[in-house]
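Throughout, protein chains are lettered first and strands after them, A, B, ... in sequence-line order, and every chain is numbered starting at 1.
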Amino acid sequence: MQNELPDRAEEILEVVHAIPAGRVMTYGDVGERVGDRGPRFVGNVLRRFGSDEPWWRVLRADGSAPPPLADEALARWRAEGTPLRRLAHDAADVRVDLGRARWDAGEWTAPWEG
DNA sequence: GTGCTGACACAGG
DNA sequence: ACCTGTGCCAGCA
């Protein structure tokens, strides 16, 4: 029988699930970790199946969250103490400090690998 | 099959 | 820091 999920989708969700609280990965990072199908695919999988996963720990390469989820993501980041930085000229534009919060999934062994 | 869209990334200007 | 164009790849009309 065939999996309901697209190939790699399950692995993407596993990686997201493994990101520690207060840390983040970019869409590109996750994509590369599971065998790159492109960052857009990661976003697509999260949108469709990621509602039960910590999706706010996955963001764009510049540290910002996707616009539709900005409010929710910001609340989550604050709640779990994710390192943030806001641009000096716009107090409303708050992003994750990738330099400090970016998580290296290389330290982690995925279920399908072990 | 063809073409557009998207929770993206990167290089230019 | 901003906006624009181009590259990618999967999903859907």
Side-chain angles (χ1 to χ4, degrees):
Chain A
M1 71 165 255
Q2 297 307 312
N3 204 320
E4 301 177 8
L5 301 175
D7 290 347
R8 305 293 179 184
E10 200 171 329
E11 298 171 3
I12 288 172
L13 295 177
E14 288 282 357
V15 173
V16 174
H17 192 74
I19 303 173
R23 308 300 298 283
V24 301
M25 287 178 79
T26 70
Y27 291 98
D29 287 344
V30 176
E32 247 181 51
R33 187 63 182 75
V34 303
D36 202 354
R37 289 199 177 209
R40 307 195 79 134
F41 183 67
V42 176
N44 207 292
V45 168
L46 282 177
R47 181 173 62 96
R48 288 161 49 190
F49 310 106
S51 51
D52 292 323
E53 298 294 336
W55 50 262
W56 58 90
R57 293 175 194 155
V58 183
L59 35 138
R60 306 206 272 204
D62 67 354
S64 65
L69 301 169
D71 288 339
E72 182 71 13
L74 178 57
R76 297 289 191 172
W77 295 335
R78 282 181 170 150
E80 58 186 44
T82 306
L84 303 177
R85 60 185 255 110
R86 64 181 173 71
L87 305 188
H89 63 86
D90 185 357
D93 186 359
V94 181
R95 304 181 185 184
V96 169
D97 185 343
L98 280 179
R100 290 193 294 156
R102 200 172 202 168
W103 183 60
D104 179 11
E107 311 259 311
W108 170 76
T109 301
W112 65 87
E113 294 175 324

Participant: Regarding Trp56(A) and Glu80(A), is there a side-chain donor-to-acceptor distance under 3.5 Å anywhere?
Facilitator: yes
Participant: Check whether any side-chain heavy atom of Leu74(A) lies under 4.5 Å from a side-chain heavy atom of Leu84(A), and answer yes or no.
Facilitator: yes
Participant: Flag the pair Thr26(A) / Leu59(A) as yes when at least one side-chain heavy-atom distance between them is below 4.5 Å, and no otherwise.
Facilitator: no
Participant: Strictly under 4.0 angstrom, non-hydrogen atoms only: write out the protein contact profile of nucleotides 6-13 of chain B, one letter per nucleotide from the 5' end, B, S or -.
Facilitator: BBBS----
Participant: To the nearest Å, how far apart are Arg8(A) CZ and dG11(C) P?
Facilitator: 13 Å
Participant: Between Asp104(A) and Arg102(A), does at least one N-O distance fall below 4.0 Å, as a salt bridge requires?
Facilitator: no
Participant: Can you tell if the side chain of Trp112(A) reaches within under 4.5 Å of the side chain of Glu10(A), non-hydrogen atoms only?
Facilitator: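 Side chain of Trp112(A) against side chain of Glu10(A), heavy atoms only: no contact under 4.5 Å found.
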Participant: Of Asp36(A) and Arg95(A), whose closest DNA chain C nucleotide lies nearer the 5' terminus?
Facilitator: Arg95(A)
